[in-house]
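The figures that follow rest on heavy atoms only: side chains count, while hydrogens, waters and symmetry mates do not. Below, chain A is the first sequence line, B the second, and so on; all start at residue 1.
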Amino acid sequence: MWYQTAPMHERYNPAEIEPRWQKRWADERAFSVGDATGKDDFYLLEMLPYPSGRIHMGHVRNYSLGDVFVRHLRMRGKNVLHPMGWDAFGMPAENAAIERKRHPRDWTYENIAQMREQIKKLGFSYDWDREIATCDASYYKHEQAMFLRMLEAGVAYRKAALANFCDHCQTVLANEQVEEGKCWRCGNNVRQREMQQWFLRTTKYAQELLDGHKELEGKWPEQVLTMQRNWIGRSTGAEIRFALKNPVDGVNELSVFTTRPDTLFGVTFLSIAAEHPLATRLAAGTPREKEVQDFADRIRAERRVRHDVGEANKEGVFTGATCLHPITGAEVPIYVANFVLMDYGTGAVMAVPAHDQRDFEFAQKYKLPIRVVIQPEGAQPLDPATMTAAYVEGGFMVNSGSLDGTLNEIGKEKVVALLAEKNAGRGTISYRLRDWLVSRQRYWGAPIPVIHCETDGVVPVPQKDLPVVLPEDVEITGEGGSPLARHESFVNVSCPKCGKPARRETDTFDTFVESSWYFDRYTTPRHEAGPVDGERARNWLPIDLYIGGIEHAVMHLLYARFWQRVMIDLGYFPKDTPREPFAALLTQGMVCKEFYHRQDALNPAHTLYFYPEETELREGTRVVIATGEPVEIGGVVKMSKSKRNIVDPDEIVSKYGADSARLFVLFAAPPEAQVDWSEAGIEGASRFLQRVWRMIRDRREMLLTTSPYTSGELSENAKTMRRTLHKIIDRVTRDLGERRQPNTGVAAMMELLNALTAFEAKTAAEKSVLREGVDALVRLLAPFAPHIADELHEHLGGKGTLLHASWPAFDADAVHEDSVEIPVQVNGKVRGRVRLANDANEATALAAAQADANVAAHLQGKTVKKTIYIAGKILTLVAV
RNA sequence: GCGAGAAUGGCGGAAUUGGCAGACGCGCUGGACUUAGGAUCCAGUGGGGUAACCCGUGCAGGUUCGAUUCCUGUUUCUCGCACCA
């Protein structure tokens, strides 16, 4: 293949350079990678995007971070897997169908095509041979097969449950998808509705998911681990059974969960949730029946509209029933209370008003007894009559029979032992984590592969009939639930077991199911026989570095960790496959920008937002061009369409080039911090590349006839240049390596450019040092700004891309100095500097310091009481 | 309320292991070149002071010869969770 090398123009012109190199990389399939080789393999992945149609700056940042590491790793000889694909199922496609009368499939694939082009224009080095789209039947058929195995293994199951239902999206949501009582997607209120739903038994893995964090410490952001830990919400306590005084319908006890068994002797009543099966039955047939029923109904109804989350007033009603304290035998009343949750613990709690704030408030309101059983050490004894809040700290047990005087922490175990003896309870662990609700009443998702038969119940779709392909001839109106349920030929099937007419399941999977294993699929993306070719796939795992947004801290990352374990346990992978799929995680910050707004004159409650181009500066005030009205400058917030503060990557690429865009987002802030978009900032990045271009162009003739320095005597000037060069090589190497801080790497390269520009190469040896430095700069630049780097490399006589060129080697000798200048402090302040031999001892250092005029002046009239000498670093004199 | 994180010039940020605070970039100031400059190049740029020097990393303490870094308290902000028994 022959490529025309452009002449080296006066000015750097990314618009000409970038498409040429992109074509070359593509033609050479430069980013394709084979199987893991077992040596120097590296799997780097960025979270797969939803194909909304256009990429945004958040994507640019995410992929720039990934690509800079990937390209660096390749140059260091790693075999890097760096794939890209599409999280292609999901609601926006259905909304597009409703709003624009486009079929979700067409809309999705067009978006994919468009975004793929945008990504390619940025020069990211993906192995496109491994591309996947999760909406493709060749992908989801494996998901369906896995689900059937999970069904067999009891990991997947179906139950009627109160589910979070979003009326707007007409679908149920997992707990994780409800944010402040609202749907995470559309923001509408979520209500509770009882439905038959499919679940995956994430709770079975709760402990393992928690334990797995140990392996991730230091490699995942602490924040993410904390969020997951809180979400799993493990608490240690006891399950205690209280015998009902009068059994109802054969039920003779009520079980509660508590983390404070040490307060058992302080129980003065029991509280149960309105949804608890016993709530209404306890009062059935008594004068209280109606009151209890009404109360339970009301609380349940209130909970159906969950928008007002927060601590409501404590409220409850006496059921009329009582139970017996398992140790003292005392009679304890049972209340239905609004603050007890059915889906945590057992849905019933033992109330210890003296030592639990909620119970305290409840007891005060309903004039229930308060009994102190924990006494703080060395403080005034607590008095129920004067207490204004529950005492929840530790102390010694009192009023607790034989356990009086025991430290409450020890008392916990003793009470559990006592209960075990009486067969009334046991130590147990409770988790906040719920099973994952995976069914969605949506069209654009992977069909759940089961059939409902009147005779045989739930029947899995036989393997040979997979995949259950999503029918294409559907009418999407956005009303009346899932379009699949109205699709006659899809729904009406015969039972695979008995052959009688049956109904096909019309729910589809939550899209988090697809994103729970796509990273596995990338390893063997065209494997037909199953989701992965286990052995070959295992060799790529775990993912060495996963990069994405913090917003996926809980849901996606927890589900993926769960799914990976299930796949291993079901035998899709060899048993020794790492159970943690993501060995290291980098969560990049948002891309933000200021926004312009003003109050709507016609409707003061309404805020109007303006695009920057709709405004201009007039005499120092930013105004709306059309009306002349001043706008307020809002804070720097995440780019969003609604705030009209988005920057289109395409426009940036055509104006400044991909290299400048990449360089800017990498330079502007450390990866975890937010980046504030600034036009001036990207101009700075562009200017830097211009200066690199000019520096090389101005010296090109000389450089082309010079080879890089290898050995020989050097002038002081050249030695200094090489010292700077190799210090910077070392810095950039570590910034892209273990430090993962490309921002400081960019700064180092800028310093190198400044040094090279200032360096006057006169002798042959100095010229060879310059050539060494220029070659190194171009290579250091390659991961950040690959197009210009490859272009400059060719202009310097190199052949082909730097993609697999060697990374500049750090020469420790170049950095070595025989003497070093160190600061001299007198009483903590720097008063001078002295140049010392590397091996100078303290006495020599002190003598040199005392010889310094300024140091001497500060020591005038004082005695040096103490000397601290850190060789090569600092000399500190303490003088009085 | 609970948990986690952050706070450094006019701005984004740097300081990698407790050792010269402010690297690098933006912006700004002055100058050069120029018909022109929103291009480019040079110089300067934390505050105060003629200077010596003093002050300075949200605030108040502490440890240390030495603290942006470690400890205690506190304020503000961001994020997460939120009646979880």
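In this structure, A:Leu859 places its CG atom 14 Å from C1' of B:rC65, rounding to the nearest Å. When rounded to the nearest whole Å, the span between CG of A:Leu225 and P of B:rG5 equals 11 Å. Counting to the nearest Å, the P atom of B:rG66 and the NZ atom of A:Lys865 are 10 Å from each other. Per the geometry, CD1 belonging to A:Ile232 stands 18 Å off P belonging to B:rG80, to the nearest Å. B:rG5 atom P lies 19 Å from atom CD of A:Gln674, rounded to whole Å. Distance A:Ile429 CD1 to B:rA85 P: 13 Å, rounded to the nearest Å. Atom CG of A:Asn230 is separated from atom C1' of B:rG3 by 6 Å (rounded to the nearest Å). Residue A:Phe664 contributes atom CZ, which lies 19 Å from atom P of B:rC24 at whole-angstrom precision.
A:Asn338 CG to A:Phe295 CZ: the interatomic distance, rounded to the nearest 0.5 Å, is 5.0 Å.
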Quick test: give all pairs of protein nitrogen or oxygen and nucleotides 14-19 of chain B nitrogen or oxygen below 3.5 Å, distance rounded to 0.1 Å.
residue, atom, partner, partner atom, Å
B:rA14, OP1, A:Asn743, ND2, 3.0
B:rA15, OP1, A:Arg739, NH1, 3.4
B:rA15, OP1, A:Arg739, NH2, 2.8
B:rU16, O4', A:Arg739, NH1, 3.2
B:rU16, O2, A:Arg734, NH1, 2.6
B:rG19, N2, A:Gln825, OE1, 3.4
B:rG19, N2, A:Thr876, OG1, 2.8

Please enumerate all protein N or O atoms sitting under 3.5 Å from an N or O of nucleotides 6-10 of chain B, with distances to 0.1 Å.
none

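Atom name C1', nucleotides B:rC28 and B:rG38: the rounded distance is 15 Å, in whole Å. The P atoms of B:rA23 and B:rG5 are separated by 29 Å, rounded to the nearest whole Å. Distance check on atom C1': B:rU72 versus B:rG27 gives 39 Å, rounded to whole Å. Nucleotides B:rU8 and B:rG44 are separated by 22 Å at their C1' atoms, to the nearest Å. Only the C1' atoms considered, B:rA14 is 10 Å distant from B:rA21, to the nearest whole Å. Taking the C1' atoms as reference points, B:rC70 lies 10 Å from B:rU64, given to the whole Å. Comparing the P positions of B:rC55 and B:rG49 gives an interatomic distance of 16 Å, to the nearest angstrom. A gap of 13 Å separates the P atoms of B:rA15 and B:rC24, to the nearest Å.
Annotation: of the two residues near RNA chain B, A:Glu751 and A:Val340, the 5′-most nearest-nucleotide partner is A:Glu751.
Between A:Lys593 and A:Glu679 no salt bridge is recorded (no basic side-chain N to carboxylate O distance below 4.0 Å). Salt bridge annotation for A:Lys412-A:Glu409: present, with a cationic side-chain nitrogen under 4.0 angstrom from a carboxylate oxygen. For A:Glu551 and A:Lys638, the salt-bridge test fails: no basic side-chain N is under 4.0 Å from an acidic carboxylate O. Residues A:Glu315 and A:Arg298 are paired through a salt bridge, judged by an N-O separation under 4.0 Å between the basic side chain and the carboxylate. Of the charged side-chain nitrogens involved, none lies within less than 4.0 Å of a carboxylate oxygen, so that A:Glu275 and A:Arg300 do not count as a salt-bridged pair.
Ring to ring, A:Phe362 and A:Phe339 are close: their centroids are under 6.0 angstrom apart.
Nucleic acid contact class of A:Asn754 (heavy atoms, under 4.0 Å, all strands): sugar-phosphate only. A:Val349 comes within 4.0 angstrom of a nucleotide base, judged by non-hydrogen atoms across all strands. As judged by a 4.0 angstrom heavy-atom cut-off over every strand, A:Thr867 is placed among residues making no nucleic acid contact.
At distances below 3.5 Å, at least one donor-acceptor pair connects side-chain atoms of A:Asn827 with backbone N or O atoms of A:Ala879. Side chain of A:Gln741 to backbone of A:Pro671: no donor-acceptor contact under 3.5 angstrom is found.
Taking A:Asn408 as the reference, A:Asp262 meet the side-chain hydrogen bond (donor to acceptor under 3.5 Å, both in side chains) condition, with sequence neighbours excluded. A:Asp735 meets the salt bridge (charged side-chain N to carboxylate O under 4.0 Å, His left out) test with A:Arg739; sequence neighbours excluded.
With distances taken from any side-chain atom of A:Arg432 to the nucleotides B:rA82, B:rC20, B:rC83, the minimum falls on B:rA82. Here the side chain of A:Pro823 is nearest to one of B:rG27, B:rC20, B:rA82, namely B:rC20. For A:Arg358, the side-chain atoms get nearest to B:rC83 when compared with the rest of B:rC83, B:rC24, B:rG12.
Enclosure of atom CD in A:Glu738 by more than 12 non-hydrogen atoms of other residues, nucleotides or ligands within 6.0 angstrom is indicated. Surrounding NZ of A:Lys365 are more than 12 heavy atoms belonging to other residues, nucleotides or ligands, all under 6.0 Å away.
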Derivation and outcome, side-chain hydrogen bond (donor to acceptor under 3.5 Å, both in side chains), residues A:Thr268 and A:Arg371: CA-CA 7 Å; A:Thr268 54; A:Arg371 184 179 154 92; over 6 Å; no
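A:His552 and A:His556 have perpendicular rings, their planes meeting at more than 60° on a 0 to 90° scale where under 30° would count as parallel. The aromatic rings of A:Tyr335 and A:Phe269 sit perpendicular, their planes meeting at an angle over 60°, well past the 30° parallel limit.
Counting only Watson-Crick or G-U wobble pairs whose defining distances are both under 3.5 Å, the stems of 3 or more consecutive pairs in RNA chain B are B:1-7 with B:75-81, B:10-12 with B:24-26, B:27-32 with B:40-45, B:46-48 with B:53-55, B:58-62 with B:70-74.
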Base-contact (B) and sugar-phosphate-only (S) positions in nucleotides 33-56 of chain B, heavy-atom cut-off under 4.0 Å, - elsewhere: ------SSS-----------SSS-
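Between A:Arg229 and B:rG80, a side-chain N or O to OP1/OP2 separation shorter than 4.0 Å is absent.
Using a 90° window around 0 for the glycosidic torsion, B:rG9 falls inside it and is classed as syn.
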